[in-house]
Amino acid sequence: MTVFQQFDRRFRDLHVPSAALDRLVTGCRWAEGPVWFADLNCLVFSDIPNQRILRWTPDALDGGGLSVFRAPSHFANGHTRDRQGRLVSCEHGTRRVTRTEPDGAITVLADQFNGKPLNSPNDVVVKSDGSIWFTDPTYGVLSDYEGYRAEPQQSARNVFRLDPDTGGLASVADDFNQPNGLAFSPDERQLYIADSAASHDPDLPRVIRVFDVQGAQLSNGRNFCEIDSGIPDGIRTDIFGNLWSSAADGVHCFAPDGTLLGKILVPEMVANLCFGGPRRNHLFIAGTTSVYRIILATTGAQTP
Ligand code: MG
C-alpha cells in the first residue's frame, strides 16, 4: 500500500519514502488524545467511548505493551503535558480540564466559565509560560456516546486560556463553530486552531485558522487551510513550522505558508496525532479503532 502522497517537493525532506505504517494497537472504539512520555518510554491515549485511558509501551515485558492507565476516564479526550511533565486532560463526562499530579491525585483546573458548566473540553496545549489553552466545543454533550447528553449552557464554543499564576479562565476566541485541535508554531508566535464543524453539517467549516499570539491575547485570525478529506481534529507542528493535521484519509502536512505538501494515508479515519519516540521523530496516529506509528524525517516542535 502507498503510505505517502507528495504534492510539493518540500515534502521530500520530511518523510522517509520506505517507512512503514505500523499498527500498534487495535480494538479501540474511538482512539484520541495521544501524548508521549519520553521519561517513561510510553504513549498515553484515550479510547473515549470505552471510558478508558490506555498506555502503550514499545518494549514492555509483561504482555503486548498495552495496559489501562485510567478507567473510568470520564470520557477523556485530548491530553498534553505541562512544563513540569504533568498530564493535562480534557474530560467530556465531567466537562472539565484536569491535571494528574505525580502522586496520582487529580486537580481540577477548569470546569465552568461565567458561572456555568463548560460544554465539553476537547483538546489542550500548554505554552512555555505555563498557560493552558483549550477548546470547548459541544461534541461531548451531543449524545451519550462520548459523554453525557446535555443542553450546552455556554453562549459560545470558546477557546480558553487558563492563566498559570491566577488560575483565571479567559475566552480568547468565541467565533468558532466547533473549535477542536490546537498547536503553537515552534516560536509560539502563532496558534493554529481547527474548526471541525463540518463533522455534523457539510456546509460548515473544515478549516484550520491561525492567530497571532500577543501575551494572553489572540489577534489577526485568518484561515490557514481547508481540509479536503473529512475534518481537521487534532493537529501538531514540527520543528520547521510545518503543520500536521488529522483528516479522514490520514494525516495532512501543510507548510507554514498553508500549502498542502503531502499526506500519510491511513486505512482508518484519523482523529489526532503526536510526535514521540526517543528522538521525537515518531508520529503516533490515533485512527478510530487503532493507534499507528510512522517514523518521519522531521521532529515534533513541542516536547509533549
Ligand atoms: Mg479533538
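Both counts, for ligands and for their atoms, begin at 1 and track the order of listing.
Using cut-offs of 30° and 60° for the angle between ring planes, the Phe160 and Phe134 rings count as tilted. Between Phe11 and Trp244, the ring planes are tilted. Angles from 30° to 60° get that label. His15 and Phe4 have tilted rings, their planes meeting at an angle from 30° to 60° on a 0 to 90° scale.
Contact of the Tyr292 side chain with the Ile264 side chain is not registered, since no non-hydrogen atoms from C-beta on lie closer than 4.5 Å.
For a distance threshold of 2.8 Å, the protein N, O or S atoms nearer than that to the Mg ion (ligand 1), listed by chain and number, are Asn122 OD1, Asn180 OD1, Asp233 OD1.
Between Trp133 and Phe184, the gap from one ring centroid to the other is short of 6.0 Å.
More than 12 heavy atoms of other residues, nucleotides or ligands sit less than 6.0 Å from atom CD of Gln112.
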